[in-house]
S.K.: 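The structure that follows is given in the form of structure tokens.
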Amino acid sequence: MYIDSHCHLDDARFSDDLDAVLDRASAAGVTRILSIGTGDGPPEIDRAVRIAEKYEQVYASVGVHPHDAAKVTPQTLDDLRVLAAHPKVVAYGEIGLDYHYDFSPREVQREVFVAQLKLAADLRLPITIHTREAWDDTMSILRENWAGEGIMHCFTGDPVQAQAALDMGFHLSYGGVLTFKTAENVRESARITPDDRLLIETDAPYLAPIPHRGKRNEPSMMIETARKLAEVRGTTPDRIAAITTANFNRLCQVRGYTRVSDGN
Ligand SMILES: [Zn+2]
Ligand SMILES: [Zn+2]
């Protein structure tokens with residue numbers, strides 16, 4: 001059994017065939033999925049939670065992606081606090097900084113990141129971090145504002161960055177990039193990540209692993225990343241499954257919640 005620790009099931013690219021996507025995931029052994037709740041940003045912040053209500057194997061996070069930081073109002077944070085009380089919300093995020101696209105002004109991204117770290121701490125939820133071309137600012141904000149646990153999602157840093165995140169207590173989650181030819185740095189980071197800090201994800205519909213690169217990614221494709229992770233670490237995919245599943249369930253305190261909606 002695998003857990004996809006970061007997936008965007010609410011993406012429009014899954015709206016026509018989500019049942020089939022989840023069936024293929026189950027058939028491939030991906031039997032639990034964290035659906036990231038950031039969507040297209042506020043005011044609509046509950047799409048992942050609604051999916052988690054419908055499918056037993058799906059859990060949700062809540063939060064505002066750095067891309068959407070400029071859409072945040074004080075009301076947004078109040079709404080997120082209420083939504084986070086939902087029993088299937090097990091993480092906060094993805095939050096952080098994205099200086100590649102700069103869809104929101106950097107100053108606003110930093111402000112909203114800090115505000116959400118405070119909220120996540122209040123809620124006692126682990127955080128999932130998105131950082132792109134913003135490593136130093138991300139780490140300094142975390143050092144000043146975060147004492148809990150969390151995940152560096154789609155970790156693509158080098159071993160020095162990996163070690164810095166590990167020293168702060170973070171889990172490192174590896175996705176499809178691990179399989180890319182040019183990603184030797186990332187594979188080196190995956191080699192030095194201790195068993196008890198290792199996670200795996202798709203970030204679907206983005207970043208499909210080889211041999212699916214360029215296609216719509218989906219949770220069943222995570223098997224390719226698991227194989228590569230096993231190869232890099234000199235172990236078996238089964239062991240990768242066992243380690244990453246135990247880590248996710250511990251970090252997110254998932255205890256086999258089984259509520260499902262009665263209708264369709
Ligand atoms: Zn991300
Ligand atoms: Zn994501």
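Side-chain atoms are counted along with the backbone in the values below, which use heavy atoms only and exclude waters and symmetry mates. Order of appearance sets the numbers: ligands from 1, and atoms from 1 within every ligand. What you see is a predicted model; the values in this text were computed from it and never measured.
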S.K.: What I'd like to find out is whether the side chain of Ile36 reaches to under 4.5 Å of the side chain of His153, using heavy atoms alone.
M.R.: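 The answer is no; the side chains never approach within 4.5 Å.
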
S.K.: Are there any protein N/O/S atoms under 2.8 Å from the Zn ion (ligand 2), and if so, which?
M.R.: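 The answer, once waters are left aside, is His6 NE2, His8 NE2, Glu94 OE2, Asp203 OD1.
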
S.K.: Treating Ile, Leu, Val, Met, Phe, Trp and Tyr as nodes and any side-chain heavy-atom pair under 4.5 angstrom as an edge, say whether Val232 and Leu207 lie in one connected cluster.
M.R.: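 The answer is no; the residues belong to distinct hydrophobic clusters.
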
S.K.: Distance from Tyr59 atom OH to Cys252 atom SG, nearest 0.5 Å?
M.R.: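 Tyr59 atom OH to Cys252 atom SG measures 10.5 Å (nearest 0.5 Å).
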
S.K.: Parallel, tilted or perpendicular for Tyr101 and Phe103, by the 30°/60° rule?
M.R.: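 The arrangement is parallel - the two ring planes meet at less than 30°.
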
S.K.: Would you be so kind as to tabulate the donor-acceptor pairs closer than 3.5 Å made by side chains of residues 175-182, with sequence neighbours excluded?
M.R.:
from	atom 1	to	atom 2	distance (Å)
Thr179	OG1	Gly176	O	2.7
Thr179	OG1	Ile210	N	2.9

S.K.: For the atom pair CG (Leu251) and NE2 (His171), what is the distance rounded to the nearest 0.5 Å?
M.R.: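 Reported to 0.5 Å precision, the distance equals 4.5 Å.
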
